[in-house]
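The chain is numbered in sequence order, starting from 1.
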Amino acid sequence: MTTIESIFSKNAPEPLGHYSQAVRADGLIHVSGQLPIKAGDQNIASSLPFEQQAHLVLRNLLSILDAAGAGPRDVVKVTAYIVGVGQWGIFNAAFAEAFGDVRPARSVVPVPELHHGFLIELDAVALDPQAPSRSKGKPERTEFV
């Protein structure tokens, strides 16, 4: 039987609805859609410029992964929802800074609007370092040309 475990990081914002920050199941970690909200801040202010929102939401994502014992190298797929395709370059630069040499699969989806007036939301899927088949170490990444 598969066990589903909720993951919570105090270094990321508490969920605004009936969901977990992330769940662990069948060797994967599924991170719910994250908004650029500061951890512990009950004032939902979406007035930050896009670049600051991008850095904040990436920090939230990585904090949740860290609470699960995972990191950028474990990330398989990220989906970014951004208001305005013109923000793509700014997001790409923030993403590259957050992930370094790691290049997970990624989709950037332009949307007309997001909850509370935010300009970006991210969700992700990562390998679970605690899964029995993963107990031998970090994933090995190779590039095919």
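Residue Q21 comes nearest to A12 through the heavy atom pair NE2-O, 3.5 Å, listed as atom of the first residue, atom of the second, then distance.
Each of V78 and L56 belongs to its own hydrophobic cluster when Ile, Leu, Val, Met, Phe, Trp and Tyr are linked at side-chain heavy-atom distances under 4.5 angstrom. Linking Ile, Leu, Val, Met, Phe, Trp and Tyr residues whenever their side-chain heavy atoms come within less than 4.5 Å places L61 and V102 in a single cluster. Residues V108 and V31 are members of one and the same hydrophobic cluster, defined by side-chain heavy-atom contacts under 4.5 angstrom among Ile, Leu, Val, Met, Phe, Trp and Tyr. Following chains of ILVMFWY side-chain contacts shorter than 4.5 Å, one can reach L58 starting from V111, so the two form part of one hydrophobic cluster.
For S20, the side chain to side chain donor-acceptor pair (under 3.5 Å) partners are S6, not counting sequence neighbours. Here R24 pairs with E5, D128 under the salt bridge (Lys or Arg N to Asp or Glu O under 4.0 Å) rule; sequence neighbours left out. Legend: residues meeting side chain to side chain donor-acceptor pair (under 3.5 Å) with N92, ordered by chain and number and at least two apart, are R106. The side chain to side chain contact (heavy atoms under 4.5 Å, CB included) search around A39 returns none, not counting sequence neighbours. By the side chain to side chain donor-acceptor pair (under 3.5 Å) test, S107 pairs with K77, sequence neighbours left out. Applying the ring-ring contact (aromatic ring centres under 6.0 Å, His included) test to F95 and every residue at least two apart in sequence or in another chain returns F91, F99. Applying the side chain to side chain donor-acceptor pair (under 3.5 Å) rule to Q52 yields no partners; only residues at least two apart in sequence or on another chain are considered. Listed by chain and residue number, nothing satisfies the ring-ring contact (aromatic ring centres under 6.0 Å, His included) test with F118 (two or more places apart in sequence, or in another chain).
Here the straight-line distance linking atom CG of D26 with atom CD1 of I4 works out to 8.0 Å at 0.5 Å rounding. Expressed to the nearest 0.5 Å, how far CG of L127 lies from CZ of R73 amounts to 12.5 Å. Here I29 contributes atom CD1 and I7 contributes atom CD1; the two are 5.0 Å apart, rounded to the nearest 0.5 Å. In this structure, CG in L16 is found 6.5 Å from CG in L35, a value given to the nearest 0.5 Å. Of the inter-residue distances, the one linking L122 atom CG with Q53 atom CD reads 11.0 Å to the nearest 0.5 angstrom.
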- Item | Test log, rule side chain to side chain contact (heavy atoms under 4.5 Å, CB included), inputs V109 and I82 | CA-CA 6 Å; V109 183; I82 62 173; over 6 Å; no
- Message: Between V57 and E121, does the side chain to side chain contact (heavy atoms under 4.5 Å, CB included) criterion hold? Intermediate values first, please.
- Response: CA-CA 7 Å; V57 76; E121 181 173 347; 5.9 Å; no
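The 12-atom threshold is not exceeded at NE2 of H115, counting heavy atoms of other residues, nucleotides or ligands nearer than 6.0 Å.
Within the structure, the salt bridge (Lys or Arg N to Asp or Glu O under 4.0 Å) test picks out no pair touching residues 47-57 (sequence neighbours left out). Pairs engaging residues 46-89 under the ring pair (Phe, Tyr, Trp, His ring centres under 6.0 Å) rule: none recorded [sequence neighbours left out].
The backbone N or O of N60 sits nowhere less than 3.5 Å from a side-chain atom of Q34 that would complete a donor-acceptor pair.
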Could you give the side-chain donor-acceptor pairs of residues 63-70 under 3.5 Å, partners two or more places apart or in another chain?
from: S63; atom 1: OG; to: R59; atom 2: O; distance (Å): 2.9

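Looking only at side-chain heavy atoms (C-beta outward), L62 and P72 come within less than 4.5 Å of each other.
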